[in-house]
Amino acid sequence: MVYAAHGAPIEEHVRLEDPKSGLSGIIAIHSTALGPGAGGCRFWRYPDDEAVAVDAFRLAEGMSYKNALAGLPFGGAKAVLRMPEGPFDRDALFRAFGRAVRALDGRYVTAEDVGTRVRDMEVIAEETRHVAGRTPRAGVAGGDPSPWTALGVFEAMVVGARHALGADLSELTVAVQGTGSVGGFLCRMLADAGARLVLADVDPSRRDRLVAIHGAKVVDVADIARVEADIFAPCALGGVLDAACVEAMRARLICGAANNQLATPEVAAMLVDRGITYVPDYAANAGGIINVSAEYLGEGPLDVEARVLQIGPRVGRILEQAKREGVSPAQVADRMAQELISSAAQLAA
Ligand code: NAI
C-alpha cells in the first residue's frame, strides 16, 4: 500500500517507463469515490524516481480534496512526468503518455499542469479521449483555465477580507507574489475593485507590464511576504508558508492561487496563533479544475461561471466554522473534503 501526505492510501498508481520516447513518471490515482480521478499532468525536472512519486502522491491527494470541495463529480489524481535530460521528441513522449492514460480506461482524466500546454493535450487526445484542457470549441468550456482560477481566488478574497478584516478590497493593500497567468488576471480584478497592489516576480517583464497599467508598487521577491500589506496572495510556488515566513508576515489574510502553500501542516496552527486568517489554497484555486471538468463533461462557460461563483460563499462557510471552533480553516476544509469522499465511498461499497 502506498500512502499520501495525510496518510491516506493511494487507490492506484502506475509507473511509466518508455525508453524509446523518453517517457518516465507516474500516474497516481488517490480516490475515485466521487468519480474518475481528475488532475493535470506535470512535466518537470526531478532528481530521482522517489521525488517523482512523492510529488505525484501529494498532488493526487490534493486534487481529491479540491474536486470534492468544489462539488465536482471527480476524484483526485495526478500525473508527474520527468523531463528527459537530453534531447527528446515531445510529441512522441506525450503520445506514449496518452496510451498510458487510455490503458486506465477512464479512471484517470488528464489536463495541463506546470510544464504542459494545450498542444500537448491535443497530442494526448490522438490516443485517448480522457483528456481536457484542449483548444476551446464553440459553446463548450475549455482553453486557458487561469482567468477562472483568478476569478475564484478573487471571490474568495472578497469574502475573506470581509470576514477577517471587516473591509472591502477598495480599502486594502494586497501583496501579490507571482504575476504570471493567474497572478496577472488577479491583479487586474483587484485593481478594478480599487485595491492597492504591491507586486513581486522573479521575471521583471511580467511584473512591469502590470505596474505600467495599475501603478502598483514593486518590491524584491525576498520581501513580498513581509511587506506592509493587508492581504498576502501567493500566486507563484507551493510551500511558501513556512515558520520564518509566517513569523515575519504583516498581512492579516492569506488568499492566493498557488497549490500546497503550507510548507508543513503545523504552519496552519502557527497562523491561527498569530491571528492570520488563511484561506485554504484548494478552496480558493478550484476555478481551473472547474473549467477542465466542464470541458470533459461537455458543459459551457455559464456552467463554469456558476460553479466558480460558489467559491466565495463556500470559503465564507469554512472561515465561519473555523472561527466558531477556534481551529484553522485548513483543518475545517480538510475535514469537509474527507467527509465528502468517505460518504461517497461508503455509498459505493
Ligand atoms: P505561471 O507560471 O504563469 O506564473 C507564476 C509566476 O510566478 C511567474 O511569473 C514566475 O516568474 C513567478 N515566480 C516564480 N517564482 C517566484 C518567486 N520565488 N517569487 C515571485 N515570483 C515567482 O503560473 P500560473 O498558472 O499563474 O500558476 C500560479 C500558481 O497557481 C502555481 O502554483 C499553480 O500551480 C497554481 N494554480 C494555477 C492554476 C491555473 O489555472 N493556472 C490552477 C490552480 C493552481
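Just so you know, ligand 1 is whichever comes first in the structure, and atom 1 is the first atom listed for that ligand.
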State whether the shortest distance between N or O atoms of [X] and N or O atoms of ligand 1 falls below 3.5 angstrom.
X: Ser181; value: yes
X: Lys66; value: no
X: Asn259; value: yes
X: Ala236; value: yes

Legend entry - Carboxylate-amine/guanidinium contact Lys217 Glu228, below 4.0 Å: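 Salt bridge: no.
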Heavy-atom nearest neighbour in the protein, as seen from [atom], with distance rounded to 0.1 Å:
atom: atom 4 (O) of ligand 1; result: Gly180 CA, 3.3 Å
atom: atom 35 (C) of ligand 1; result: Ala257 O, 3.3 Å
atom: atom 18 (N) of ligand 1; result: Leu237 CD1, 3.7 Å
atom: atom 9 (O) of ligand 1; result: Asp201 OD2, 2.7 Å
atom: atom 2 (O) of ligand 1; result: Arg206 NH1, 4.0 Å

Inset, instruction - Would you mind telling me if ligand 1 is within reach of the side chain of Cys235, the backbone, both or neither, using heavy atoms under 4.0 Å? - result: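 Near ligand 1, Cys235 shows its backbone, while the atoms from C-beta on stay back.
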Legend entry - Proximity of Thr149 to ligand 1 by residue part, where a heavy atom lies under 4.0 Å: side chain
Inset, instruction - Would you tell me whether Ser170 and Asp168 have side-chain atoms, one donor and one acceptor, within less than 3.5 Å of each other? - result: no
Could you tell me if the side chain of [Y] sits less than 4.5 Å from the side chain of [X], heavy atoms only?
X: Leu72; Y: Arg307; result: yes
X: Val272; Y: Val327; result: no
X: Glu155; Y: Val159; result: no
X: Glu126; Y: Asp91; result: no

Inset, instruction - Please work out whether the ring planes of His130 and Tyr296 are parallel, tilted or perpendicular, with thresholds of 30° and 60°. - result: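 Plane angle between 30° and 60°, so tilted.
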Whether [X] side chain and [Y] backbone form a donor-acceptor pair below 3.5 Å:
X: Asp201; Y: Thr179; result: yes
X: Asp48; Y: Glu50; result: yes
X: Thr173; Y: Ala229; result: no

Legend entry - Candidate with minimal heavy-atom separation from atom 41 (N) of ligand 1, of Ala286, Ala111, Ser146: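 Comparing heavy atoms across Ala286, Ala111, Ser146, the nearest one to atom 41 (N) of ligand 1 lies in Ser146.
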Inset, instruction - From the options Val182, Asn285, Val221, Val202, select the one whose nearest heavy atom is closest to atom 15 (N) of ligand 1. - result: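 When every heavy atom of Val182, Asn285, Val221, Val202 is considered, Val202 comes closest to atom 15 (N) of ligand 1.
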Can you list the ligand 1 atoms lying under 4.0 Å from a non-hydrogen atom of [X]?
X: Ala258; result: 29 (C), 30 (O), 32 (O), 35 (C)
X: Ala200; result: 20 (C), 21 (N)
X: Asp203; result: 11 (O)
X: Pro145; result: 40 (O)

Contacts table for residues 202-209: side-chain donor-acceptor under 3.5 angstrom, sequence neighbours left out:
| unit_1 | atom_1 | unit_2 | atom_2 | d |
| --- | --- | --- | --- | --- |
| Asp203 | OD1 | Ser205 | N | 3.0 |
| Asp203 | OD1 | Ser205 | OG | 2.7 |

Legend entry - Gly238 touching ligand 1 at heavy-atom level, < 4.0 angstrom: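 False for this residue.
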Legend entry - Sub-4.0 Å protein heavy atom next to atom 30 (O) of ligand 1: yes
Inset, instruction - Would you list the pairs meeting salt bridge (charged side-chain N to carboxylate O under 4.0 Å, His left out) in which at least one residue belongs to residues 309-327, sequence neighbours left out? - result: Glu325-Arg335
